[in-house]
Amino acid sequence: MGSNLFAELRVWVLQDVETLLPGLTQMHASIELTPTRDAVHGDMATNAALVAAKPAGRNPREIAARLAELLAKREGIAKAEPAGPGFVNITLTPEFLLRQLPVILDAGIAYGNGAAKGQKINVEYVSANPTGPLHVGHCRGAVVGDALANLLQKAGYDVTKEYYVNDAGAQVVALARSVYVRYLQALGRNLHAEAYAAQVPGGVQYGGEYLVPVGQSLAELYGEMFATAPEEQWLDTIREFAVAKMLELIREDLAALHVTHDVFTSERELVAAGGVERALQILQDRGLIYEGTLEPPKGKTPEDWEPREQTLFRATQFGDDVDRPVKKSDGSNTYFANDIACHADKMARGFNAMIDVLGADHGGYTKRMQAAVKALAGNGDARLDVVLCQIVRVMKNGEPVRMSKRAGTFVELRDLIDEVGADAVRFIMLMRKSDAQMEFDLNAAVAQTRDNPVFYVQYAHARCRSVLRAAGEPSGLAAADLSALTAPEELTLIRKLIAWPRLVEAAALAREPHRVAFFLYELAGDFHALWNAGRDDAALRFIQAEKPIETAARLALVSATSVIIRSGLGVLGVKPVEEMR
RNA sequence: GCGCCCUUAGCUCAGUUGGAUAGAGCACGAGACUUCUAAUCUUGAGGCCGGUGGUUCGAAUCCACCAGGGCGCACCA
């Protein structure tokens, strides 16, 4: 079902290398069979001779020449020849290439799915504090995390998409206080609200309009009950209520972006269930917790610095720069301690592979969390990958769009979605490596031209569908006689299609969903090129009235193309369109 | 001061984990097309891959140092 042609033919290479140089099996791992960058080099190339040269003590070109002879005898290989410093370039027979089309058609959307790896991976993303609607800054992580999880799933991992709800810290207390002000206002007690706000330590933090309805709901539910009551009587109730409401808002935002999660894990519940103590105990048992005092940070000593004895975790034993506090000087747990618990909990749930998708401002957090995971794993093989998403600058008419709350422009994610649509937001966010800063051009995102990769890919799919509709949605294309497919543009397109499984595997391994977006863009380009060829030469058009055999062959190709585009868009979470309007 | 990320064509960015002559799109130059599958197409030019050393058959990719940009830097979340 996966049918990665490159993986299959690599076996041939390994067999022939073994025939040629028996016993040198330890180098097999570094032998690869890759698509050629340039079509004049054929369909595939292997570095086998280069890799083998040193252990075999022979000239790479000589090995390449002999390997080429062996490979050329294989059925399906039209030509194999040594090239450059010791590559072997392989050209497949057209028949062999064409045989892949029915494989795609039979597998459908599942083409490119990796074999089940039996490995559980936890992908945590968004995890925004439940204190308000999502803003643009959350967007990239949400999209990258969602697409990465989809990608890993397609590659054959058992993926769980997780949202870690930070509902235990000071920020949700601040939320409760902010909501309380709205509650008083809803009761018409504006003076009372002002008086309360004035004595909140640090001031009222969340002044957004989105809390107004929350205050109103509370007023309806509880009436005057909390109006004059001291904080301790309402804090828990209102905090819980507010967090639930904020999560509703966030879920709506995520839904608008077509981002989904399998589980929402509550920090509060984890803490209440003793998760932190359990996690720290594991570290304690390994002698990785001690009481000590940290040095002030070099070069930038805070004004109010004073040495304090704290409970510390020996992060330096696992590659971090300094040991990290797990308890504050007053004995309460640090946020880091809760995060250790969060990851320990995931490990307890059977995930030995975890991925955190975080914003760039959490970059300094990577080392300590990876250190903690290593420490928790002990002799186990748990691994945490952190995917950092750099800042996005939103551009309009060549100018950066201000994100200030006062200006009221594009603070909230919803505004961005309303402006360009969820599909465009997702695709464009995925057109960049996540660890590089990017510009999001609003003009390009809605343009109906090649500048806009979403449009370009969608247009290719719509063209495929349009052709198939015009042909009356033929069935049985997988059994079509394909020998009529001989045009260079057609073969180029097929080569692109069969590269899909390999791309899925590589992109998943690298945790780089953006590669899928680029692949689709290139695939769309190849398809449009074929379409355009038909414009100059009517004989290359897909539907040939008097030639049912040619037509069926071409429709098979078109159908396979649409399948792969759908498959790729599915990974990105973008809906394929049937027609352009 | 320390750590992490980034630096590739005029602009926005890829570069398949170290491979062959570093690629796209936009913008720019030249040509085609008069709506036929046109929400255009073909084609050209454009590069010291930030710099300097190193590792090896081979480096944009790995290592060291330097320069520039971003993010973070006791107990906050």
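Order of the sequence lines fixes the chain letters, A, B, ..., with proteins taken first and strands second; residue numbering starts at 1 for each chain.
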Is there a Watson-Crick or G-U wobble partner for [N] with both distances under 3.5 Å, and if so, which one is it?
N	value
B/G18	none
B/C26	B/G10
B/C48	none
B/C41	B/G31
B/C62	B/G54
B/G72	B/C2

Are [X] and [Y] close enough that their ring centres sit under 6.0 Å apart?
X	Y	value
A/F519	A/W500	yes
A/F527	A/F542	yes
A/Y521	A/Y456	yes

Using the side-chain heavy atoms of [X], tell me which of these nucleotides is nearest: [options].
X	options	value
A/T34	B/A20, B/U17, B/C76	B/U17
A/R463	B/A38, B/G70, B/A74	B/A38
A/P35	B/G70, B/A74, B/U16	B/U16
A/Q390	B/A39, B/C41, B/C5	B/C5
A/H514	B/A39, B/G15, B/G69	B/G15

Write down the distance between [atom1] ([X]) and [atom2] ([N]), rounded to a whole number of angstrom.
X	N	atom1	atom2	result
A/F87	B/G19	CZ	P	8 Å
A/L503	B/U17	CG	C1'	13 Å
A/L312	B/A74	CG	C1'	10 Å

With heavy-atom distances below 4.5 Å as the criterion, would you say the side chains of [X] and [Y] are in contact?
X	Y	answer
A/R469	A/E579	yes
A/C342	A/L270	yes
A/F336	A/K327	no
A/L497	A/Q100	no
A/D356	A/T366	no
A/R465	A/E473	yes

Exercise for review: Would you check if A/H362 stacks with the base of B/G72, given a 5.5 Å centroid limit and a 30° plane limit, both strict?
Suggested key: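 A stacking contact does not exist, since A/H362 is not both close and nearly parallel to the base ring of B/G72.
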**Study point:** Base of B/A39 and ring of A/F455 stacked, centres under 5.5 Å, planes under 30°
**Key:**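 It does not: the two rings, one from A/F455 and one from B/A39, miss the stacking criterion.
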At their closest point, which heavy atom of [X] faces which heavy atom of [Y], and how far apart are they?
X	Y	value
A/C389	A/G141	SG-CA, 3.8 Å
A/I63	A/L20	O-CD2, 3.9 Å
A/V172	A/R239	O-CG, 3.4 Å
A/A517	A/M431	CB-SD, 3.7 Å

Gap in Å between the two [atom1] atoms, one belonging to [N] and one to [M], rounded:
N	M	atom1	answer
B/C41	B/G25	C1'	16 Å
B/A30	B/G68	P	42 Å
B/G53	B/G15	P	28 Å
B/C48	B/A60	C1'	12 Å
B/G50	B/C6	C1'	11 Å
B/U43	B/G3	C1'	49 Å
B/U42	B/C26	P	10 Å

Practice item. Take A/R515 and A/E512 through the salt bridge (charged side-chain N to carboxylate O under 4.0 Å, His left out) test and state the conclusion after the steps. Key: CA-CA 6 Å; A/R515 291 193 197 179; A/E512 290 186 342; 2.9 Å; yes
Check your understanding: RNA chain B: A/T366 or A/M438, which has the more 5' nearest nucleotide?
Key ->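 Comparing both residues, the 5'-ward one is A/T366.
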**Study point:** First encountered from the 5' end of RNA chain B, between A/E267 and A/M44
**Key:** A/M44
Exercise for review: Output all residues satisfying side chain to side chain donor-acceptor pair (under 3.5 Å) with A/Q171, sequence neighbours left out; order by chain, then residue number.
Suggested key: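 For A/Q171, no residue satisfies side chain to side chain donor-acceptor pair (under 3.5 Å) once neighbours in sequence are set aside.
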Practice item. Considering just the side-chain nitrogens and oxygens of A/Y335, establish if one lies under 4.0 Å of OP1 or OP2 belonging to B/C76. Key: no
Review point. Does A/R324 put a side-chain nitrogen or oxygen below 4.0 Å from OP1 or OP2 of B/C73?
Key: no
**Study point:** Matching residue for A/C464 among A/T561, A/L555, A/L557, A/I564 - test: side chain to side chain contact (heavy atoms under 4.5 Å, CB included)
**Key:** A/T561
Exercise for review: Please step through side chain to side chain contact (heavy atoms under 4.5 Å, CB included) for the pair A/E267 and A/Y164, ending with a clear verdict.
Suggested key: CA-CA 7 Å; A/E267 178 184 13; A/Y164 182 57; 3.3 Å; yes
How would you label the contact of [X] with the nucleic acid (heavy atoms, under 4.0 Å): base, sugar-phosphate, or nothing?
X	value
A/A499	nothing
A/L358	nothing
A/E522	nothing
A/A360	sugar-phosphate
A/I543	nothing

Practice item. Anything under 30° is parallel, anything over 60° is perpendicular, the rest tilted; go ahead and classify A/Y365 against A/H362. Key: perpendicular
**Study point:** Sidechain-backbone polar pair: A/N532 side chain, A/H528 backbone, donor-acceptor under 3.5 Å
**Key:** yes
Practice item. Could you list by number each residue of residues 427-435 of chain A showing a heavy-atom separation from RNA chain B of less than 4.0 Å, or answer none if no residue does? Key: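 When residues 427-435 of chain A is checked for heavy atoms under 4.0 Å from RNA chain B, the hits, listed by number, are A/R432, A/K433, A/D435.
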Exercise for review: Please work out which residues in residues 162-176 of chain A have a non-hydrogen atom less than 4.0 Å from an atom of RNA chain B and list them by number.
Suggested key: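 Those residues whose heavy atoms fall under 4.0 Å from RNA chain B, taken from residues 162-176 of chain A in numerical order, are A/G169, A/A170, A/Q171.
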Show the distances under 3.5 angstrom between N or O atoms of the protein and N or O atoms of nucleotides 34-36 of chain B.
from  : atom 1 : to     : atom 2 : distance (Å)
B/C36 : O3'    : A/R541 : NH1    : 3.4
B/C36 : O2'    : A/R541 : NH1    : 3.1
B/C36 : O2'    : A/R541 : NH2    : 2.8

Exercise for review: Report the C-alpha distance between A/R268 and A/D167 in whole Å, list the side-chain angles of each, state the deciding distance to 0.1 Å, and finish with yes or no for salt bridge (charged side-chain N to carboxylate O under 4.0 Å, His left out).
Suggested key: CA-CA 6 Å; A/R268 169 166 292 277; A/D167 53 2; 5.0 Å; no
Please write out each protein N/O paired with an N/O of nucleotides 22-26 of chain B under 3.5 Å, distance rounded to 0.1 Å.
none

Quick test: give all pairs of protein nitrogen or oxygen and nucleotides 54-58 of chain B nitrogen or oxygen below 3.5 Å, distance rounded to 0.1 Å.
from  : atom 1 : to    : atom 2 : distance (Å)
B/C57 : OP1    : A/K54 : NZ     : 2.9

Review point. Can you find a donor-acceptor pair, distance only, under 3.5 Å between A/N89 side chain and B/A20 base?
Key: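 Flag set: donor-acceptor pair detected.
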